[in-house]
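Here the structure is laid out as structure tokens; the discussion comes afterwards.
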Amino acid sequence: MIIGIPKEIKNNEYRVGIIPVGVETLVRAGHEVIIETKAGIGSGIEDEQYIRVGAKIVQRASDVYYAAQLIIKIKEPLEQEYGMLKAGQMLFTYLHLAASRDLTEALLKRKVIAFAYETLQSPNGELPCLIPMSEVAGRMAPQEGAKYLEEPMQGRGILLGGVPGVAPAEVVVIGGGIVGANACLIAAGMGANVTVLDVNLNRLRYLEEVMPPNVHTIMSNAHTIRDTVLKADLVISSILIRGAKAPCLISRDLVSKMKKGSVIVDVAIDQGGSVETSKPTTHEHPTYLVDGVVHYCVTNMPGAVARTSTYALTNATFPYILILANQGFEKAIKNSFELKRAVNVIDGHLTIKEVAETFSMPCREI
């Protein structure tokens, strides 16, 4: 099979879909790997490193899309990439279709076979390709929040951990999953007073056991969200419903009553955001103000730490890339529960009900 890796074009996205050891493994298995020049440069991987293990370097993204049977990316295709996709071509990347009707319609029109990292699911319910980037985003969120709490960044002028004689910042983490747990760990380590909310009581019990003493757990509901958000200096939203648009948990009215200069880091923005006032931002222009509250809503947070993120992500994705390359689409989804769950689009049809429900579109069983 011919596997293609184009260079990412999303704003300040420096990750790449494969590392040299992955190329070497595919080539040894009899496959051909085509990589757009400088695709790995942002992750510290030179073209020569790929060439040494058997990859073919091409000059244009169109050369990759034209030749490849399987396209490996990091982020969803952007509008300028839609026309390069072709019918029957496999695409394996983060898609987050529930956040974009345009992308959904484009993939349906191009009749690609689209697999989404974020919906690939193991029999025990875990999301193996989402976990590593959730860990990165969760650990980044308190760092970004701390930075934007600074006065020059239009924040409240608060040091997250405080100092002797001065109270630390109040950090509220909504959602105690992978993102939320990692956010708690880092915020607590920086000395903040942390409150984490979740609807799963067993998850809260677990977090109570493993987290430092400055992390406090509260059952999540409309009342506790309102009360904690109003006291917060930094709110980190980490809500995820597999494949679906994130629920709106913080209304515009609630935002208007928050402390002026407080910060919201909406990690759920990839799936549409869980704050009514959230809208996608970029690493180039990461924040904006609404009612004096700083909003950080970057849709590809891990792209800023590309070296860490690329290696962490490809550790998780490569086994499935190898299955797709070795077995092809039909055998792969027959033999792999995880890849079957990852399929979002086949031959012009949606196969994921959460996206179909979001846009009131028909959905077909695989």
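Count residues from 1 along the sequence.
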**Item:** Side-chain H-bond candidate by donor/acceptor type, His31 with Asn326, under 3.5 Å
**Value:** yes
**Pair Val298-Thr282, side-chain contact (heavy atoms from CB on, under 4.5 Å): steps then yes or no** = CA-CA 5 Å; Val298 175; Thr282 66; 5.8 Å; no
**Verdict with supporting geometry, Leu160 and Val171, side-chain contact (heavy atoms from CB on, under 4.5 Å)** = CA-CA 8 Å; Leu160 208 63; Val171 175; 3.9 Å; yes
**Message:** I'd like to know if the side chain of Glu81 pairs up with that of Tyr65 as donor and acceptor (distance under 3.5 Å, no hydrogens or angles considered).
**Reply:** yes
**Prompt:** Which value, rounded to the nearest 0.5 Å, describes the distance between His96 atom NE2 and Asp270 atom CG?
**Reply:** 4.0 Å
**Request:** Examine Tyr320 together with Phe92 and report whether their ring centres are nearer than 6.0 Å.
**Result:** no
**Prompt:** Counting distance only, does the side-chain N/O of Thr281 pair as donor-acceptor with the main-chain N or O of Pro286 below 3.5 Å?
**Reply:** yes
**Asked** Which value, rounded to the nearest 0.5 Å, describes the distance between Asn315 atom CG and Thr310 atom OG1?
**Response** 10.5 Å
**Request:** Start with the C-alpha gap between Asp347 and Arg364, add the side-chain angles, then the distance that decides, and say whether salt bridge (Lys or Arg N to Asp or Glu O under 4.0 Å) holds.
**Result:** CA-CA 11 Å; Asp347 191 29; Arg364 285 195 178 184; over 6 Å; no
**Request:** Establish, from distance only, whether the side-chain atoms of Glu135 and Asn182 form a donor-acceptor pair under 3.5 Å.
**Result:** no
**Complete:** Test side chain to side chain contact (heavy atoms under 4.5 Å, CB included), reference Leu120, set Glu338, Arg341, Lys340, output is Glu338
**Message:** To the closest 0.5 Å, what do you measure between CD1 (Ile218) and CD1 (Ile174)?
**Reply:** 11.0 Å
**Donor + acceptor pair across side chains of Ser274, Ser237 (<3.5 Å)** = yes
**Prompt:** Taking the side chain from Asn300 and the backbone from Gly303, do they hold a donor-acceptor pair closer than 3.5 Å?
**Reply:** no
**Message:** To check you understand the geometry: which heavy-atom pair defines the closest contact between Asn335 and Gln327, and what is its length?
**Reply:** ND2-OE1, 3.0 Å
**Request:** Would you mind checking if Glu105 and Arg101 are paired as a salt bridge, meaning a charged N to carboxylate O distance below 4.0 Å?
**Result:** yes
**Asked** For the residue pair Ala183 and Pro142, what are the closest heavy atoms and their distance?
**Response** O-CG, 3.4 Å
**Prompt:** Does a sphere of radius 6.0 Å around NZ in Lys111 hold more than 12 heavy atoms from other residues, nucleotides or ligands, not counting ones at 6.0 Å or beyond?
**Reply:** no
**Prompt:** For Glu170 and Asn193, does a side-chain donor sit closer than 3.5 Å to a side-chain acceptor?
**Reply:** yes
**Request:** Establish whether Ile186 and Met133 are linked, either directly or via other cluster members, by ILVMFWY side-chain heavy-atom contacts under 4.5 Å.
**Result:** yes
**Asked** Hey, quick one: are Val305 and Val267 part of the same hydrophobic cluster, counting side-chain heavy atoms closer than 4.5 Å, chains of contacts allowed?
**Response** yes
**Asked** Is any side-chain N of the basic residue among Arg15 and Glu8 closer than 4.0 Å to the acidic one's carboxylate O?
**Response** no
**Request:** Please say whether more than 12 non-hydrogen atoms of neighbouring residues, nucleotides or ligands are located less than 6.0 Å from CD in Glu48.
**Result:** yes
**Request:** Classify the side-chain pair Thr37/Gln59 by whether it contains a donor and acceptor separated by less than 3.5 Å.
**Result:** no
**Asked** Could you go step by step and tell me if Glu330 and Lys334 meet the salt bridge (Lys or Arg N to Asp or Glu O under 4.0 Å) rule?
**Response** CA-CA 6 Å; Glu330 291 185 358; Lys334 181 179 179 180; over 6 Å; no
**Message:** Taking Val355 as the starting point, is it possible to reach Leu127 by hopping between hydrophobic residues whose side chains are less than 4.5 Å apart?
**Reply:** no
**Request:** Treat each ILVMFWY residue as a node, draw an edge where side-chain heavy atoms are under 4.5 Å apart, and state whether Val294 and Met153 are in one component.
**Result:** yes
**Request:** Before accepting this row, confirm whether a basic side-chain N of the pair Lys38/Asp47 lies closer than 4.0 Å to the acidic partner's carboxylate O.
**Result:** no
**Prompt:** Are Thr299 and Lys10 linked by a side-chain donor-acceptor pair shorter than 3.5 Å?
**Reply:** yes
**Message:** Testing the 3.5 Å rule here: is there a donor-acceptor pair between the side chains of Thr119 and Asn344?
**Reply:** yes
**Item:** From Asp253 atom CG to Glu276 atom CD, the distance as rounded to the nearest 0.5 Å
**Value:** 9.0 Å
**Request:** Say whether Ser278 and Asp266, considering side chains only, have a donor N or O and an acceptor N or O under 3.5 Å apart.
**Result:** yes
**Item:** Test side-chain contact (heavy atoms from CB on, under 4.5 Å) applied to Val229 and Asp227, step by step
**Value:** CA-CA 6 Å; Val229 164; Asp227 291 346; over 6 Å; no
**Asked** When hydrophobic residues are tied together by side-chain contacts of less than 4.5 Å, even through go-betweens, does Met90 share a cluster with Tyr82?
**Response** no
**Prompt:** Between Thr277 and His295, does any side-chain donor sit less than 3.5 Å from a side-chain acceptor?
**Reply:** yes
**Message:** Less than 4.0 angstrom from a charged side-chain N to a carboxylate O is my criterion; do Arg205 and Glu209 meet it?
**Reply:** no
**Prompt:** Does Lys86 count as lying over the ring of Tyr66, i.e. NZ or CZ under 6.0 Å from the six-ring centre, within 45 degrees of the axis?
**Reply:** yes
**Request:** Count the heavy atoms of every other residue, nucleotide or ligand shown that sit under 6.0 Å from CZ of Phe329, and state whether that count exceeds 12.
**Result:** yes
**Complete:** Exactly one of Thr317, Leu26, Thr25 clears side chain to side chain contact (heavy atoms under 4.5 Å, CB included) with Ile18, and that residue is Leu26
**Prompt:** Taking the side chain from Ser262 and the backbone from Met258, do they hold a donor-acceptor pair closer than 3.5 Å?
**Reply:** no
**Message:** Are the side chains of Leu91 and Pro77 in contact, using a 4.5 Å heavy-atom criterion?
**Reply:** yes
